[in-house]
Colleague: 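Before I ask anything, here is the structure I am working with.
Computed from a prediction, not measured in an experiment: that's the story for all the values here. In what follows, chains carry the letters A, B, and so on, assigned in the order in which the sequence lines appear, proteins first and then strands, with residues in each chain numbered from 1.
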Amino acid sequence: MRVTKVVKQQMLAILAEHYRGATTALNYSTPFELLIAVILSAQCTDERVNIITARLFPQYNTPAKILALGQDKLEEYIRDCGLFRSKARNIIATCEILCRAYGGEVPTRFEDLIKLPGVGRKTANVIVSQLFGTPAIAVDTHVFRVANRTGLAKGKTPREVEEGLMRVIPRQDWADAHHWLIWHGRKVCKARQPACDVCPLNGLCPSREDATK
DNA sequence: AACTCGGGGCA
DNA sequence: TGCCCAGAGTT
């Protein structure tokens with residue numbers, strides 16, 4: 001079933017109302033801290049990232065300090081989140097670049113961020129949209145799933161979904177819409193057992209009767 | 001486009 | 001236990 005543009009606008013309005021105030025912006029005090037937290041969050045819950053960063057950042061909250069800590073010790077700090085070896089390696093490499101090319105600061109442009117080891121489209125979009133005021137929609141697995149199921153933006157790749165969402169959603173709503181879609185994916189439109197019975201998009205979503213697709 | 005990394009969370 | 005996960009890099 002094809003979702004008309006009018007229906008898409010209705011669904012977006014409902015999501016905006018239903019998830020008003022919802023945010024995933026974490027209270028990290030510097031861009032560098034948020035960057036590291038987002039890198040760590042891949043395939044890992046926010047709760048666990050919070051535990052790790054609460055131990056790490058009091059002493060190691062700058063690229064230079066992380067480099068001084070070293071990769072082996074960094075691995076010990078972040079061992080409780082998955083993929084920790086590659087994350088540690090990427091974080092060290094990123095810190096070296098930040099120190100060498102950016103004066104120890106986090107670059108503000110998407111093109112620069114995405115070149116950093118461990119930073120892909122999703123992470124770069126999160127940083128620029130939540131930190132530097134550049135409108136963007138970060139497509140993670142939740143956003144990807146919700147967009148495809150609801151028909152807001154169909155696509156085989158996250159990139160396609162990202163571009164589709166940008167076409168449907170007004171630019172000024174991109175950052176907020178990212179949060180609506182993520183929260184909807186977490187709480188209602190879940191990967192396993194979607195709670196279609198309590199879904200605010202009931203009646204509009206084409207996957208209502210077969211939400212496992 | 002498919003594969004891999006990896007411990008946690010959940011049924 | 002087995003299966004999936006608030007991704008990114010490599011092949």
Side-chain angles (χ1 to χ4, degrees), chain A residues 15 19 21-28 31 33-56 71-98 106-107 110-131 136-150 152-163 165 174-195 211-213:
Chain A
L15 290 175
Y19 296 101
T23 175
T24 57
L26 302 177
N27 291 347
Y28 292 108
E33 290 187 357
L34 179 63
L35 174 64
I36 298 303
V38 177
I39 291 177
L40 291 178
S41 73
Q43 305 297 101
C44 177
T45 64
D46 275 357
E47 290 76 12
R48 190 149 295 277
V49 172
N50 282 332
I51 293 172
I52 291 172
T53 55
R55 286 199 307 240
L56 182 67
Q71 185 169 331
D72 292 342
K73 293 287 181 58
L74 178 60
E75 281 190 9
E76 293 178 16
Y77 273 93
I78 70 175
R79 190 172 297 275
D80 288 343
C81 76
L83 313 174
F84 67 90
R85 267 183 274 270
S86 59
K87 285 176 184 173
R89 181 170 11 98
N90 285 332
I91 288 173
I92 293 294
T94 283
C95 287
E96 289 173 347
I97 295 175
L98 294 185
V106 176
F110 178 88
E111 312 85 79
D112 295 326
L113 284 163
I114 203 170
K115 289 177 187 166
L116 298 172
V119 178
R121 283 193 77 79
K122 182 258 180 179
T123 299
N125 275 328
V126 169
I127 298 296
V128 298
S129 65
Q130 299 196 10
L131 221 46
I137 299 176
V139 176
D140 53 37
T141 56
H142 287 309
V143 176
F144 184 81
R145 182 180 64 252
V146 171
N148 269 300
R149 273 189 188 158
T150 60
L152 277 173
K154 296 272 190 181
K156 286 180 173 291
T157 67
R159 176 69 175 270
E160 290 174 8
V161 170
E162 179 184 327
E163 292 169 347
L165 288 174
W174 285 357
D176 286 339
H178 166 68
H179 293 125
W180 308 337
L181 295 169
I182 283 199
W183 277 90
H184 189 58
R186 285 184 64 174
K187 302 298 185 185
V188 179
C189 197
K190 296 178 285 188
R192 306 277 189 92
Q193 296 172 313
T212 58
K213 287 184 66 177

Colleague: Round to the nearest Å and state the distance from E160(A) atom CD to dA1(B) atom C1'.
Modeller: 12 Å
Colleague: Produce the list of close N/O pairs, under 3.5 Å, pairing protein atoms with atoms of nucleotides 8-10 of chain C; give distances to one decimal.
Modeller:
from   : atom 1 : to      : atom 2 : distance (Å)
dA8(C) : OP1    : G120(A) : N      : 3.2
dA8(C) : OP1    : T123(A) : N      : 3.0
dA8(C) : OP1    : T123(A) : OG1    : 2.4
dA8(C) : OP2    : K122(A) : N      : 3.4
dG9(C) : OP1    : G118(A) : N      : 2.6

Colleague: Could you tell me which residues satisfy side-chain contact (heavy atoms from CB on, under 4.5 Å) with A177(A), sequence neighbours excluded, listed by chain and number?
Modeller: I169(A), W180(A)
Colleague: Could you run down the sub-3.5 Å N/O contacts of the protein with nucleotides 8-11 of chain B?
Modeller:
from   : atom 1 : to     : atom 2 : distance (Å)
dG8(B) : O3'    : R48(A) : NE     : 3.3
dG9(B) : OP1    : R48(A) : NH2    : 3.2

Colleague: According to side-chain contact (heavy atoms from CB on, under 4.5 Å), who are the partners of E111(A), at least two apart in sequence or on a separate chain?
Modeller: R109(A)
Colleague: dG6(B) P sits how many Å from L40(A) CG, rounded?
Modeller: 14 Å
Colleague: May I have the distance from I39(A) (atom CD1) to dG7(C) (atom P), rounded to whole angstrom?
Modeller: 14 Å
Colleague: Between Y19(A) and H184(A), is the ring centroid distance below 6.0 Å?
Modeller: yes
Colleague: Applying salt bridge (charged side-chain N to carboxylate O under 4.0 Å, His left out) as the test, list every pair that has at least one member in residues 81-90 of chain A; sequence neighbours left out.
Modeller: none
Colleague: Checking E76(A) now: which residues fulfil salt bridge (Lys or Arg N to Asp or Glu O under 4.0 Å) with it, not counting sequence neighbours?
Modeller: none
Colleague: To the nearest angstrom, how far is I127(A) atom CD1 from dG7(C) atom P?
Modeller: 14 Å
Colleague: With sequence neighbours left out, what residues match I92(A) under side-chain contact (heavy atoms from CB on, under 4.5 Å)?
Modeller: I66(A), L67(A), Q71(A), L74(A), E96(A)
Colleague: For E33(A), check salt bridge (Lys or Arg N to Asp or Glu O under 4.0 Å) against everything at least two apart and list the hits.
Modeller: none
Colleague: Under 3.5 Å, which donor-acceptor pairs link side chains of residues 115-126 of chain A to any protein atom two or more places apart or in another chain?
Modeller:
from    : atom 1 : to      : atom 2 : distance (Å)
R121(A) : NE     : E162(A) : OE1    : 3.0
R121(A) : NH2    : E162(A) : OE1    : 3.4
R121(A) : NH2    : E162(A) : OE2    : 2.7
N125(A) : ND2    : R121(A) : O      : 3.3
N125(A) : ND2    : E162(A) : OE2    : 3.4

Colleague: Calculate the interatomic distance between I36(A) atom CD1 and dA6(C) atom C1'; express it in whole Å.
Modeller: 17 Å
Colleague: F110(A): what forms a ring pair (Phe, Tyr, Trp, His ring centres under 6.0 Å) with it, not counting sequence neighbours?
Modeller: none
Colleague: Got a sec, which residues hit ring pair (Phe, Tyr, Trp, His ring centres under 6.0 Å) with F84(A), two or more places apart in sequence or on another chain?
Modeller: none
Colleague: Could you check how far NE2 of H184(A) sits from P of dA6(C), rounded to whole Å?
Modeller: 14 Å
Colleague: How far, in whole Å, is dA1(B) from dA6(C) if one measures between their P atoms?
Modeller: 22 Å
Colleague: Work out how far the C1' atom of dG8(B) is from that of dG9(C), and round it to whole angstrom.
Modeller: 22 Å
Colleague: Provide, to the nearest angstrom, the distance between the CD atom belonging to E47(A) and the C1' atom belonging to dC5(C).
Modeller: 13 Å
Colleague: Could you state the atom-to-atom distance from CD1 of I182(A) to C1' of dC5(C) in whole Å?
Modeller: 13 Å
Colleague: Tabulate protein N/O versus nucleotide N/O from nucleotides 3-5 of chain B, keeping only pairs under 3.5 Å, one per line.
Modeller:
none

Colleague: Taking all non-hydrogen atoms of both residues into account, name the closest pair between I137(A) and L165(A) and its distance.
Modeller: CD1-CB, 3.7 Å
